[in-house]
Amino acid sequence: EQIVALYLLPTEGRSLDGARVLSLLKQYGLRFGEMSLFHRFEESSGSGRLMFSVLRYTSEGPQGFDLETLPQEKIDGLAFCLALPNPEAVSGYDMMASISSLLTRDFSAHLYDEEMNLFTKQLKAHYRHVVLEFKPKG
């Protein structure tokens, strides 16, 4: 199994408003669920296959959310994760890249890959190719 991850981080010295995070994640069809994460399914209604998940980004690593305190919290960032293998890997990746880009715009933030490189069009294409070519070992 392999994880493709993207990180949305606010500009230096800023944080994301928890109430706005909650509102925008819901607006883009993500649902709070298993493991205290937000999940995006094929359908924004929550039906169909799991496409990708969103965790909170912290200096200690990605963590789940506390739905009760989230509206009052300041958040360091968001981590978008796509687990491979996934029968809908390419459409899941495309959806994750699209929604993470929209949220980056909404928050005037920055989007990075796993190596903390700015997520450019070239990196977007590279990771799409990685997802397309993924073959489970064994």
Student: Please give me the minimum heavy-atom distance between Tyr127 and Asp113, naming the atom from each residue.
Tutor: OH-OD2, 3.0 Å
Student: Working to the nearest 0.5 Å, report the span between CD of Gln72 and CG of Asp66.
Tutor: 9.5 Å
Student: Just how far is it from atom OG of Ser91 to atom CG of Asn86, taken to the nearest 0.5 Å?
Tutor: 7.5 Å
Student: Just how far is it from atom CG of Asn117 to atom CD of Gln122, taken to the nearest 0.5 Å?
Tutor: 11.5 Å
Student: Going by atom type alone, with no hydrogens or angles, which donor-acceptor pairs under 3.5 Å involve a side-chain atom of residues 51-59 and a protein atom two or more places apart or on another chain?
Tutor:
unit_1 : atom_1 : unit_2 : atom_2 : d
Ser53  : OG     : His39  : ND1    : 2.7
Arg56  : NH1    : Glu73  : OE1    : 2.8
Thr58  : OG1    : Glu60  : N      : 3.2
Thr58  : OG1    : Gly61  : N      : 3.2
Thr58  : OG1    : Gly61  : O      : 2.4

Student: What are the two closest heavy atoms between Val90 and Val131, and how far apart are they?
Tutor: N-CG1, 3.8 Å
Student: Are Leu111 and Met95 linked, directly or through other ILVMFWY residues, by side chains that come within less than 4.5 angstrom of each other?
Tutor: yes
Student: With a 3.5 Å distance limit and no angle check, can you tell me whether Glu42 reaches the backbone of Arg49 through a side-chain donor-acceptor pair?
Tutor: yes
Student: What's the separation between atom CG in Leu50 and atom CZ in Arg31, rounded to the nearest 0.5 Å?
Tutor: 13.0 Å
Student: Just distance, no hydrogens or angles: give the donor-acceptor pairs under 3.5 Å from side chains in residues 97-106, sequence neighbours left out.
Tutor:
unit_1 : atom_1 : unit_2 : atom_2 : d
Ser100 : OG     : Met96  : O      : 2.8
Ser100 : OG     : Ala97  : O      : 3.1
Ser101 : OG     : Ala97  : O      : 2.8
Thr104 : OG1    : Ser100 : O      : 2.7
Asp106 : OD2    : Tyr28  : OH     : 2.7

Student: Any non-hydrogen side-chain atom of Leu70 less than 4.5 Å from a side-chain atom of Ile75?
Tutor: yes
Student: Cluster question for you: counting only ILVMFWY and a side-chain heavy-atom cut-off of under 4.5 Å, with indirect links fine, are Phe32 and Leu37 together?
Tutor: no
Student: Surrounding CD of Glu68 (heavy atoms of other residues, nucleotides or ligands, distance under 6.0 Å), is the total greater than 12?
Tutor: no
Student: Which pairs would a plain distance check flag for residues 7-18, meaning a side-chain donor or acceptor within less than 3.5 Å of a matching protein atom at least two apart in sequence or in another chain?
Tutor:
unit_1 : atom_1 : unit_2 : atom_2 : d
Asp17  : OD1    : Lys74  : NZ     : 3.2
Asp17  : OD2    : Ala19  : N      : 3.4
Asp17  : OD2    : Arg20  : N      : 3.0

Student: Give a yes or no on whether Leu132 and Val130 share a hydrophobic cluster (residues Ile, Leu, Val, Met, Phe, Trp, Tyr; joining criterion: side-chain heavy atoms under 4.5 Å apart).
Tutor: no
Student: I would like to know whether Tyr112 and Leu118 meet side-chain contact (heavy atoms from CB on, under 4.5 Å); could you show each step before the answer?
Tutor: CA-CA 5 Å; Tyr112 300 93; Leu118 208 51; 3.7 Å; yes
Student: Would you find more than 12 non-hydrogen atoms of other residues, nucleotides or ligands less than 6.0 Å from Met35 atom CE?
Tutor: no
Student: Distance from Glu1 atom CD to Phe134 atom CZ, nearest 0.5 Å?
Tutor: 7.5 Å
Student: Please report whether the ring centroid of Phe38 lies less than 6.0 Å from that of Phe65.
Tutor: yes
